[in-house]
Peer 1: 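Before we start, here is the structure in question, set down as structure tokens.
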Amino acid sequence: MGVVVQKYGGSSVSDAAAVKRVAQRIVRTVQAGNQVCVVVSAMGDTTDELLDLAEQITPTPPGRELDMLLTAGERISMAVLAMAIANLGHEARSFTGSQAGVITDSSHGRARIIDVTPGRIRTAMDEGAIAIVAGFQGVSQDTKDITTLGRGGSDTTAVALAAALDADVCEIYTDVDGVFTADPRIVHSARRLGAVTYEEMLELAASGAKILHLRCVEYARRYGIPVHVRSSFSDRPGTTVAGSIDDLPEADMEQAIIAGVAHDRSEAKITVVGVPDVPGKAAAIFNEVARAGVNIDMIVQNVSQAQTGLTDVSFTLPKTDGAMAMNVLQVAQSTIGFARLQYDDQIGKVSLVGAGMRSHPGVSATFFGALAEAGVNIDVISTSEIRISVVTHADKVDTAVRAVHTAFELDADQVEAVVYGGTGR
Ligand code: ADP
Ligand code: ASP
Ligand code: MG
């Protein structure tokens, strides 16, 4: 008997009819002779609605209470899904993240899984029941408080359980047919990838392709879990995330140079203006930001002006951390000695990802050429071995994604990128 972990995202369980449809798919998997553990997200846009509710109460809710509120969304779906399965004559038992043994650290809102002890899940499955687990949540090892793993974290719950249960496969069911060469909501001619390596998927996820949670891909890579991304609305084949770029055959004609184009509108940019150009100032700036627990993404330092000996340092960070980072820097202004701060949240990041970049010259030239031709002004640039990213104005993101997608000949001849559900929120 195989062990299968299936995860259904919010758009796959957006209402009662959708929940019943998902229940049927789960039962079919059981009838095919598998033991099944299901991870489920909050219905539709519930998490956003709960966040809006909290915002109406206070702009700064205590992390512990916000996590308690948000985990309620997944509790609703796990219970109704278990009921729908029972209705089809199969036993299903729902479990919160804590009951399922998802142990995390205590950073509310972005907790990391440190251990998974799925004793109750295994017992339920061994007794012939389908285990349903609330995604995106766990319990802190130290404080015993309920935690959440960050937006999109149910994917990570699924992979972590697949690893702990030694599952044969982890299937991520969503509202598109797999991982595409770009977000199908922006590029209708995007092409489905049959397979993609962990490294490329990591770069895509880190660059904003929200089809998979970044930590989920990190976890899958570490434990060698193949992840199968598919639509819960169709029976199309989907995308397998597995393997390493180091194992790709050197001269594989099938291997695409580029895996895809990702975009991210969730970041803001802070510019520290008039920083004395002497050793230690960058360290002082980023120490302040790090002490506030803020992760930064890209950094640029401008050439200092000879007359003044001052320079500007810009960096990008999640919008959600913007106010906090501005606060700590303002407090440290006199000690660091910069002139002022600028904040811009009307930015977007566009990234090109592909293992073939390592061995194909000219990728950057084509990338920047496409952006220039589309009239996209570039603010910040950063690269990795298999990625080039630029920051531009938020209004230019869609244009940039489409231009780059076309320049690398990624457009499909026939439209194959169907978006079955979801609001894109
Ligand atoms: P779920 O609710 O199932 O977790 P998400 O909304 O988190 O679904 O992720 C699915 C969405 O990811 C798609 O609807 C699509 O708009 C978006 N997306 C972004 N980049 C990609 C990509 N490269 N391939 C497929 N989908 C993508
Ligand atoms: N419900 C959570 C969110 O909307 C977790 C998830 O869907 O993965 O972010
Ligand atoms: Mg998701």
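Note that ligands are numbered from 1 as they come in the structure, with each ligand's atoms numbered from 1 the same way.
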Peer 1: So is A417 close enough to ligand 1, meaning a heavy atom under 4.0 angstrom away?
Peer 2: no

Peer 1: Tell me which pairs pass ring-ring contact (aromatic ring centres under 6.0 Å, His included) where either residue lies in residues 203-237, with sequence neighbours left out.
Peer 2: Y219-Y223, F233-Y420

Peer 1: Which residue and atom name correspond to the protein heavy atom nearest atom 8 (O) of ligand 1, and how close is it?
Peer 2: T174 OG1, 3.2 Å

Peer 1: Taking side-chain contact (heavy atoms from CB on, under 4.5 Å) as the definition, give me every residue that meets it alongside M68, ordered by chain and number, with sequence neighbours left out.
Peer 2: E65, I146

Peer 1: May I ask you to check whether N377 and H393 show a side-chain donor-acceptor distance below 3.5 Å?
Peer 2: no

Peer 1: State, with a plain yes or no, whether a side-chain heavy atom of V363 is found less than 4.5 Å away from one of I257.
Peer 2: yes

Peer 1: How close does the nearest protein non-hydrogen atom get to atom 15 (C) of ligand 1, and which residue and atom is it?
Peer 2: D183 OD1, 3.2 Å

Peer 1: Applying a 4.0 Å heavy-atom criterion (strictly less than), which segment of S12 is in contact with ligand 1: side chain, backbone, both, or neither?
Peer 2: neither

Peer 1: Pairs of nitrogen or oxygen atoms closer than 3.5 Å, one from D155 and one from ligand 1: do any exist?
Peer 2: no

Peer 1: Between D345 and K319, is the closest basic N to carboxylate O distance under 4.0 Å?
Peer 2: no

Peer 1: Can you tell me which portion of K7 lies within the under-4.0 Å heavy-atom range of ligand 1? Options are side chain, backbone, both, or neither.
Peer 2: side chain

Peer 1: V179 heavy atoms, cut-off 4.0 Å: which ligand 1 atoms fall inside?
Peer 2: 24 (N)

Peer 1: Are any of the side-chain nitrogens in R110 or D67 under 4.0 Å away from the carboxylate oxygens of its partner?
Peer 2: no

Peer 1: Does D48 offer a backbone N or O that forms a donor-acceptor pair with the side chain of D45 under 3.5 Å?
Peer 2: no

Peer 1: Under 3.5 Å, is there a donor on one side chain and an acceptor on the other for E74 and S77?
Peer 2: no

Peer 1: Between R230 and D177, does any NZ, NE, NH1 or NH2 come within less than 4.0 Å of an OD or OE carboxylate oxygen?
Peer 2: no

Peer 1: At a heavy-atom distance under 4.0 Å, which protein residues reach ligand 2? Sort them by chain and number, would you?
Peer 2: S41, A42, T47, E74, F136, R151, G152, G153, S154

Peer 1: Quick one: does ligand 1 sit under 4.0 Å from the side chain of I211, the backbone, both or neither, non-hydrogen atoms only?
Peer 2: both

Peer 1: Are any of the side-chain nitrogens in D411 or R191 under 4.0 Å away from the carboxylate oxygens of its partner?
Peer 2: no

Peer 1: Between S384 and E203, is any side-chain donor less than 3.5 angstrom from a side-chain acceptor?
Peer 2: yes

Peer 1: Atom 23 (N) of ligand 1: which protein heavy atom is closest, and how many Å away?
Peer 2: F180 O, 3.0 Å

Peer 1: Please list the nearest protein heavy atom to atom 7 (O) of ligand 1 with its residue and the distance rounded to 0.1 Å.
Peer 2: K210 O, 3.5 Å

Peer 1: For ligand 1, which part of R185 has a heavy atom less than 4.0 Å away: the side chain, the backbone, both, or neither?
Peer 2: side chain

Peer 1: What protein heavy atom is closest to atom 25 (C) of ligand 1, reported as residue, atom name and distance in Å?
Peer 2: G178 O, 3.3 Å

Peer 1: Is any side-chain N of the basic residue among E288 and R291 closer than 4.0 Å to the acidic one's carboxylate O?
Peer 2: yes

Peer 1: Please verify whether a non-hydrogen atom of D175 lies at under 4.0 Å from ligand 1.
Peer 2: yes

Peer 1: Show me, pair by pair, the donor-acceptor contacts under 3.5 angstrom made by side chains of residues 157-167, not counting sequence neighbours?
Peer 2:
| from | atom 1 | to | atom 2 | distance (Å) |
| --- | --- | --- | --- | --- |
| T157 | OG1 | F136 | N | 2.8 |
| T157 | OG1 | G153 | O | 3.4 |

Peer 1: Are any of the side-chain nitrogens in R93 or E91 under 4.0 Å away from the carboxylate oxygens of its partner?
Peer 2: yes

Peer 1: Can you list the ligand 1 atoms lying under 4.0 Å from a non-hydrogen atom of A209?
Peer 2: 20 (N)

Peer 1: Is any N or O atom of T181, backbone or side chain, closer than 3.5 Å to an N or O atom of ligand 1?
Peer 2: no

Peer 1: For atom 2 (O) of ligand 1, what is the nearest protein heavy atom, given as residue, atom name and distance?
Peer 2: G10 N, 3.2 Å

Peer 1: Does P184 have a non-hydrogen atom less than 4.0 Å from ligand 1?
Peer 2: yes

Peer 1: Would S41 count as a contact of ligand 1 if the rule is a heavy atom under 4.0 Å away?
Peer 2: no

Peer 1: Checking S231 against D175: is there a side-chain donor and acceptor pair closer than 3.5 Å?
Peer 2: no

